[in-house]
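Since the structure comes first, as structure tokens, the remarks are kept for the end.
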Amino acid sequence: MLQVPFIRENKELVVERLAKRNIDANQMVNDVLSLDEDRRRIQTSLDNILAESNTLSKEIGNLFKSGEAEKANLLKTKSGELKEASKELAESLNDTSEALKELLYKIPNVPNEVVPKGDSDEDNEEIFKEGDIPVLHDEALPHWELAKKYDIIDFELGNKITGAGFPVYKGKGAKLQRALINYFLDKNTEAGYSEFQLPHLVNEASGFGTGQLPDKEGQMYHVGEDNLYLIPTAEVPGTNIFRDVVLNEGDLPIGITGYTPCFRREAGSYGAHVRGLNRLHQFDKVEILRVEHPSKSYNALDGMVNHVKTILQELKLPYRILRLCGGDLGFTSALTYDFEVFSTAQDRWLEVSSVSNFETFQANRLKLRFKNSNGKNELAHTLNGSSLALPRVLAGILENYQTKDGVVIPDVLQGYTGFSIIN
RNA sequence: GGAGAAAUGGCAGAGUGGUCGAAUGCGGCAGUCUUGAAAACUGUUGAGGGUCACACCUCCGGGGGUUCGAAUCCCUCUUUCUCCGCCA
């Protein structure tokens, strides 16, 4: 959620930057400013009435003490009138504040200067590319065929137990999955992130805190009886650690990592692009999160990008980094880099990580602040990224590492799997 | 799931109708002393709104009510703790 004072002082900039997302924000911004003006005006009148009423109450108390009941009763009448007036104003203040909040919820984050304007993923900017695309043998298969051939992932069994998009990993498939999780967590903790195990269900307040609610309610699985939501990413429980928190400046930066399964309804998805592991309702992901001083958050973002790079380099997967254009940028993000692994057998790029700086957008809603050097509370910056999401990394490994004899396990993982080939 | 107790500032913990945004202690910050540090002493120290700045307003778990006036009384929800039951 954007801050009203920021919008007030940077109106042109906000409109101009939001245009990168192909949004004409002029009307919304004007509405915000006029609602805010209304709010302040009503608040002032209400405050005045309450002040008068407070003074009156004190006088009444004093009059009763000194035995002047008659005078006191006279003032009581007056106080009653003030109460009526304050009730009306309080209601109108509440309405105005709510309307303002509703509107603010609908305005996405202001993209960073370097975000390219654009409509869709076609307009994302490739900023880096590395790794050799392997030349596969003639009978190379897409990962869902390999999964079947070596009996390591059973999509039909998952279908039977739960439904489409809930695969069952078996044998070496399950072990490779666990190896990847451990490998990612180890890399992240080596880089200074401290490991957390987080709840997989969150309450409504947490959903609001990170912005999944109210906008993306339909994307999360909801447990109605207890009013809890299955997490779509560790970002939700992880970031909500810091809801309503005031940190000391010295606590920054904070980096945490955690492995969780992720649950996404993905309403409306279908077709060849969602085949196999490409898009699932339940998948595993290791996430990294940072809380940063505003002056350092973009350095931190670069650091996260480099960190994810080294992991993909070690796995020897061909990958590229995209700077997302305005049209593809997430609602809460100011700048996002996507990592894509080239999946040879499918002949397409698969997104395996998304690393973002949210600046104060999340912190404002979360009320995540730190005491700055002036002793003032200031909103912190939050960042997060996948490091990494499992299924498409797995797909990339299966497809790129396949040989006539089987799927070779990348060197760095062999210590974790305990085997060097799936055949 | 049953019975009881509780929820106050960064933490601990007073406060049961007006003088309470709230004693006291710890912690934090600034200063005195010291070569420096510690100790001791002095001062200062919640959040949000509002204002050029003050004034002023709101907040004592959430919501509602009683009252001229609520941290304090009533209702309700939530959470925590203790005991019992169940259980990986």
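First the proteins, then the strands, lettered A, B, ... as listed; each starts at 1.
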- Query: Which residue, Leu50(A) or Gly61(A), contacts RNA chain B at a nucleotide closer to its 5' end, judged by nearest heavy atom?
  - Reply: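 Nearest nucleotide further toward 5': that of Gly61(A).
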- Position toward the 5' end of RNA chain B (nearest nucleotide), Leu46(A) or Arg40(A):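 Mapping each residue to its closest nucleotide by heavy atoms, the 5'-most match is Arg40(A).
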- Which residues pass the salt bridge (charged side-chain N to carboxylate O under 4.0 Å, His left out) test with Lys316(A), sequence neighbours left out?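 Lys316(A) satisfies salt bridge (charged side-chain N to carboxylate O under 4.0 Å, His left out) with Asp411(A) once adjacent residues are dropped.
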- Who pairs with Glu340(A) by salt bridge (charged side-chain N to carboxylate O under 4.0 Å, His left out), at least two apart in sequence or on another chain?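 Here the qualifying residues are Arg320(A).
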Can you tell me, in whole Å, how much space there is between the [atom1] of [N] and that of [M]?
{"N": "rG2(B)", "M": "rG50(B)", "atom1": "P", "result": "46 Å"}
{"N": "rU79(B)", "M": "rG31(B)", "atom1": "P", "result": "47 Å"}
{"N": "rU42(B)", "M": "rA47(B)", "atom1": "C1'", "result": "27 Å"}
{"N": "rG13(B)", "M": "rU82(B)", "atom1": "P", "result": "15 Å"}
{"N": "rA23(B)", "M": "rG43(B)", "atom1": "P", "result": "15 Å"}
{"N": "rU72(B)", "M": "rU80(B)", "atom1": "P", "result": "23 Å"}
{"N": "rA22(B)", "M": "rU8(B)", "atom1": "C1'", "result": "9 Å"}
{"N": "rA14(B)", "M": "rG61(B)", "atom1": "P", "result": "14 Å"}

- Mind telling me whether Phe166(A) and Tyr221(A) have parallel, tilted or perpendicular rings, with 30° and 60° as the class edges?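 Tilted, since the angle between the ring planes falls between 30° and 60°.
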Across all strands shown, which nucleotide pairs with [N] by Watson-Crick or G-U wobble geometry, both distances under 3.5 Å?
{"N": "rU35(B)", "result": "none"}
{"N": "rG17(B)", "result": "none"}
{"N": "rU79(B)", "result": "rA6(B)"}
{"N": "rA71(B)", "result": "none"}
{"N": "rG46(B)", "result": "rC59(B)"}
{"N": "rC11(B)", "result": "rG25(B)"}

- Partners passing side chain to side chain donor-acceptor pair (under 3.5 Å) against His143(A) (at least two apart in sequence or in another chain):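 Expected list: Gln346(A), Glu399(A).
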Can you give the donor-acceptor pairs under 3.5 Å from side chains of residues 92-104 of chain A to other protein atoms, not counting sequence neighbours?
residue	atom	partner	partner atom	Å
Thr96(A)	OG1	Ser92(A)	O	2.7
Ser97(A)	OG	Leu93(A)	O	2.8

Please work out if [X] contacts a base, only the sugar-phosphate, or nothing of the nucleic acid, heavy-atom cut-off 4.0 Å.
{"X": "Lys371(A)", "value": "sugar-phosphate"}
{"X": "Arg41(A)", "value": "nothing"}
{"X": "Asn377(A)", "value": "sugar-phosphate"}
{"X": "Asn73(A)", "value": "nothing"}
{"X": "Ser79(A)", "value": "sugar-phosphate"}
{"X": "Leu75(A)", "value": "nothing"}

- Between atom CD of Gln362(A) and atom OG1 of Thr239(A), what is the distance when rounded to the nearest 0.5 Å?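 Rounded to the nearest 0.5 Å, the CD-OG1 separation comes out at 5.0 Å.
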- Task: Can you tell me which residue pairs pass the side-chain hydrogen bond (donor to acceptor under 3.5 Å, both in side chains) test with a partner in residues 145-155 of chain A, sequence neighbours excluded?
- Result: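 Non-adjacent pairs meeting side-chain hydrogen bond (donor to acceptor under 3.5 Å, both in side chains): Asp151(A)-Lys170(A), Asp154(A)-Lys170(A).
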- Task: Name the first nucleotide and the last nucleotide along RNA chain B (5' to 3') that come under 4.0 Å of a heavy atom in chain A.
- Result: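 Extent of the interface on RNA chain B: rG18(B) to rG69(B).
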- Item | Step-by-step side-chain hydrogen bond (donor to acceptor under 3.5 Å, both in side chains) determination, Asn278(A) to Arg275(A) | CA-CA 6 Å; Asn278(A) 290 349; Arg275(A) 251 191 114 175; over 6 Å; no
